[in-house]
Amino acid sequence: MVVIRLARGGSKKRPFYNIVVTDSRNPRDGRFIERLGFYNPKASGQAVKFQICDERLAHWTSKGAQMSDTVARLVKEAKKAVAA
């Protein structure tokens with residue numbers, strides 16, 4: 001099954017996550033099909049905390065890819081923030 005999930009990067013105590021499309025059997029930080037965006041939980045000031053390509057997200061979900069719980073929550077919060 002194809003999933004949209006977070007792949008961890010960054011250094012120790014400074015997490016940075018890429019939002020990737022991958023096969024569910026691959027390791028968390030392993031091979032992926034496409035990178036859709038990123039999530040930086042430690043962003044401060046003017047730094048961008050969350051960014052995702054909506055077109056590609058819609059494309060992959062229409063093909064049957066499932067979002068992880070965390071990615072679904074982040075996308076929902078981003079859409080809520082844009083609407084407000």
Side-chain angles (χ1 to χ4, degrees):
M1 178 171 75
V2 177
V3 294
I4 302 169
R5 66 180 178 201
L6 299 176
R8 192 176 195 279
S11 59
K12 188 165 80 171
K13 307 283 187 184
R14 300 279 305 162
F16 184 88
Y17 298 95
N18 287 307
I19 301 169
V20 296
V21 178
T22 186
D23 189 309
S24 63
R25 296 170 290 190
N26 289 342
R28 178 192 70 185
D29 300 332
R31 188 177 55 162
F32 59 89
I33 301 168
E34 183 178 355
R35 180 179 178 267
L36 300 181
F38 66 86
Y39 170 56
N40 184 4
K42 296 287 186 176
S44 61
Q46 297 285 17
V48 179
K49 187 170 186 163
F50 178 77
Q51 182 176 349
I52 193 163
C53 180
D54 292 326
E55 289 177 4
R56 298 306 294 168
L57 180 67
H59 167 79
W60 282 106
T61 53
S62 70
K63 298 271 185 186
Q66 298 290 315
M67 286 191 277
S68 70
D69 295 338
T70 306
V71 172
R73 178 181 54 84
L74 290 171
V75 169
K76 183 178 176 183
E77 288 175 3
K79 288 183 180 181
K80 185 187 254 187
V82 170

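No experiment lies behind these values; they were computed from the predicted model shown.
Closest approach of Arg5 and Ser24 over heavy atoms only: NH1-O, 3.7 Å. Of all heavy-atom pairs between Ile33 and Val2, the closest is CD1-CG1, 4.5 Å.
For the atom pair OG1 (Thr70) and OH (Tyr39), the distance works out to 9.0 Å, reported to the nearest 0.5 Å. Separation of atoms CE (Met67) and OG1 (Thr61) is listed at 6.0 Å; rounding is to 0.5 Å. Arg56 CZ to Glu34 CD: the interatomic distance, rounded to the nearest 0.5 Å, is 4.0 Å.
Atom CZ of Arg25 has 12 or fewer heavy atoms from other residues, nucleotides or ligands within 6.0 Å.
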Solution key, residues 76-84 side-chain donor-acceptor pairs under 3.5 Å, sequence neighbours excluded:
unit_1, atom_1, unit_2, atom_2, d
Glu77, OE2, Arg73, NH1, 3.4

Give every donor-acceptor pair under 3.5 Å between a side-chain atom in residues 13-22 and any protein atom, sequence neighbours left out.
unit_1, atom_1, unit_2, atom_2, d
Asn18, OD1, Arg35, NE, 2.7
Asn18, OD1, Arg35, NH2, 3.1
Thr22, OG1, Asn26, ND2, 3.2
Thr22, OG1, Arg31, O, 2.9

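There is a path of hydrophobic side-chain contacts, each under 4.5 Å, that joins Phe50 to Leu6. No continuous path of hydrophobic side-chain contacts links Ile52 to Phe38 [ILVMFWY only; heavy atoms under 4.5 Å].
Residues passing the side-chain hydrogen bond (donor to acceptor under 3.5 Å, both in side chains) test with Asp29, sequence neighbours excluded: none.
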Between Glu55 and His59, does the side-chain contact (heavy atoms from CB on, under 4.5 Å) criterion hold? Intermediate values first, please.
CA-CA 6 Å; Glu55 289 177 4; His59 167 79; over 6 Å; no
